[in-house]
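Remember, predicted model here, so these are calculated numbers, not experimental data. First the proteins, then the strands, lettered A, B, ... as listed; each starts at 1. Note that these values count all heavy atoms, side chains included, but never hydrogens, waters or copies made by symmetry.
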There are 2 protein chains.
Amino acid sequence: MNTVTEENYLKALHHLADELGEVNVGVLSKHLNIKMPTVTSMMKKLADKELVHYESYKPLKLTEKGVLKARMVIRKHRLTEMFLEKVMGFSWEEVHEIAEQIEHINSPLFFDKMDELLEYPKADPHGSPIPNRAGELVMEKLRKLSDCLVNETVEICAVTNTTSGFLQHLNLRAITLGTVVTITNVDDYDKTVTVTYNEKTTTISAMVGGQLLVR
Amino acid sequence: MNTVTEENYLKALHHLADELGEVNVGVLSKHLNIKMPTVTSMMKKLADKELVHYESYKPLKLTEKGVLKARMVIRKHRLTEMFLEKVMGFSWEEVHEIAEQIEHINSPLFFDKMDELLEYPKADPHGSPIPNRAGELVMEKLRKLSDCLVNETVEICAVTNTTSGFLQHLNLRAITLGTVVTITNVDDYDKTVTVTYNEKTTTISAMVGGQLLVR
DNA sequence: TAATTTTGTTTTGCTAATCTAACTTTATAG
DNA sequence: CTATAAAGTTAGATTAGCAAAACAAAATTA
């Protein structure tokens, strides 16, 4: 079996590979807040288990087996988030922290029951797709709001930051998944985006706009 | 904070103290399936944290602080069992194993929400009382079915064994909490109990009868 | 391309949780 | 009331996960 620690390394590798394309020891070390020597030795251990391709001084890469394991953790995380919101009544900024712990529970029965009760959801409360039981993950290619041009009308479909501070910032602006916005201005200098939706106008900083995915 | 390991030792100490009155290293070692030297060293560690009173060669005893911590774990365990049954639709023989893991989740919010959704239950699916948030535990004194006499009519209120094998044994006999049985015979030699309920007659071995609590 | 900076690895060492083997204390049985 | 058995402790190792210090490779830059 896998330890919680191993699962967290796999999840991080999957996430960083998705985000950056290539992952090296330094990046992973920063992301997990763990010193590089520790990461190096964990990579050797995961390589022994055939979950990671590891060669000194080369970028890190999950094996197929590693990808599957990582996705099972992601599946448990996202099902949990959905369950916490839909069944237990938590709000989208509360679910991430709890799911970080529950994702390590070892009980297929438990997560399959969640899946059933939720009627096999395809995405979590932040719009991230939920891998199926086979570990397949359909990743729709979405654009960042910060890459949109003036006069475009788009729908907010996902957020790539699930911290409660970020989500509360969106709550204040009444931005939820499904909100349809029209870009009325993009500031030349700082790239702040001005959007209109539901008869309201709000400005969204480049930093925030970079974490909102739209269709 | 406490580790999962520490929580398991505290829970075991609480349970054994309740069951046997006095707990020594050997008993705890057997119960947890951990060798005695390991238990000794953990007891010293817990004594440093003022969770256990420990003196060499003396019986083990939780401090008040230790009792409270233990009860918070028990609370999380039993709330979880109830939640798994009532909200998620698991049966009573499935809930224990999952709850063994979820009891270590660190999120008061999560368990308070369970409590609320369940409308503050006083007992779990096996009839065990749920400690309140202050760590108070009202333990009704119940008798064992195996201690009852012929012609008594009693209600099954709790089981002291939550393994799925045991509970399936009860399922086969259609014995659930709340079942009212009348003792029609107690075997002189092997103490097998014969009971009548719902127009049926069943025999219950001394071993099983000792794990059924009645009122 | 040689020097310097950045990145990554090796070595050494710590803590938590576990074990086995050897020893000590307490309990028990003649 | 000793001798032995049972229970408990001490000592020494191991494994997982982490870090600091020292070292090595790769990338950058002058």
Using atom [atom1] of [X] as one end and atom [atom2] of [N] as the other, report the distance to the nearest whole Å.
| X | N | atom1 | atom2 | answer |
| --- | --- | --- | --- | --- |
| B:Met43 | D:dT9 | CE | C1' | 14 Å |
| B:Leu60 | D:dT9 | CG | C1' | 13 Å |
| A:Glu22 | C:dG8 | CD | P | 10 Å |
| A:Lys30 | C:dT7 | NZ | P | 7 Å |
| A:Asn24 | D:dA25 | CG | P | 18 Å |
| A:Leu32 | D:dA19 | CG | P | 10 Å |
| A:Asp48 | D:dT15 | CG | C1' | 14 Å |
| B:Tyr57 | D:dT9 | OH | P | 6 Å |

Cation-aromatic face contact B:Lys44/B:Tyr54, 6.0 Å, 45 degrees: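 The answer is no; the distance or angle limit is not met.
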To the side chain of [X], which of [options] is closest?
| X | options | result |
| --- | --- | --- |
| A:Tyr9 | C:dT20, C:dT18, D:dC18 | D:dC18 |
| B:Thr5 | C:dT18, C:dT9, C:dT20 | C:dT18 |
| B:Thr40 | C:dG8, C:dT9, D:dT9 | D:dT9 |
| A:Ile34 | D:dC18, C:dA21, C:dT10 | D:dC18 |
| B:Lys35 | C:dC19, D:dT9, C:dT9 | C:dC19 |
| B:Met36 | C:dG8, C:dT11, D:dT9 | D:dT9 |
| A:Val25 | C:dT10, C:dG8, C:dC19 | C:dG8 |
| A:Pro37 | C:dT10, C:dT24, C:dG8 | C:dT10 |
| A:Thr38 | C:dT18, D:dA24, D:dC18 | D:dC18 |

A:Glu85 side chain vs A:Met82 backbone, donor-acceptor pair below 3.5 Å: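 Judged by distance alone, no pair lies under 3.5 Å.
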Sugar-phosphate, base or nothing in reach of A:Lys44, heavy atoms under 4.0 Å: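 If one applies the 4.0 Å heavy-atom cut-off, A:Lys44 turns out to touch the sugar-phosphate alone, with no base involved.
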Sugar-phosphate only, base, or nothing, as touched by A:Ser41 at under 4.0 Å among non-hydrogen atoms: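 Touches nothing.
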Please list every donor-acceptor pair under 3.5 Å in which a side-chain atom of residues 24-37 of chain A meets a protein atom from a residue at least two apart or in another chain.
unit_1	atom_1	unit_2	atom_2	d
A:Asn24	OD1	A:Val27	N	3.2
A:Ser29	OG	A:Ile34	O	2.5

Donor-acceptor side-chain pairing of A:Asn106 and B:Gln101 below 3.5 angstrom: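 B:Gln101 and A:Asn106 do not have a side-chain donor-acceptor pair below 3.5 Å.
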A:His104-A:Asn2 side chain donor-acceptor pair, cut-off 3.5 Å: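 Absent: no donor and acceptor within the cut-off.
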Whichever of B:Val27 and A:Val4 has its nearest DNA chain D nucleotide further upstream toward 5':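 Taking each residue's closest nucleotide, the earlier one in sequence belongs to B:Val27.
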Most 5' of A:Met42 and B:Gly26 on DNA chain D, judged by nearest nucleotide: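 The residue closer to the strand's 5' end, by nearest nucleotide, is B:Gly26.
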List, one per line, each side-chain donor-acceptor pair under 3.5 Å for residues 120-131 of chain A, sequence neighbours excluded.
unit_1	atom_1	unit_2	atom_2	d
A:Asp124	OD1	A:His126	N	2.7
A:Asp124	OD1	A:Gly127	N	3.0
A:Asp124	OD1	A:Ser128	N	3.0
A:His126	ND1	A:Glu81	OE1	2.9
A:His126	NE2	A:Trp92	O	2.9

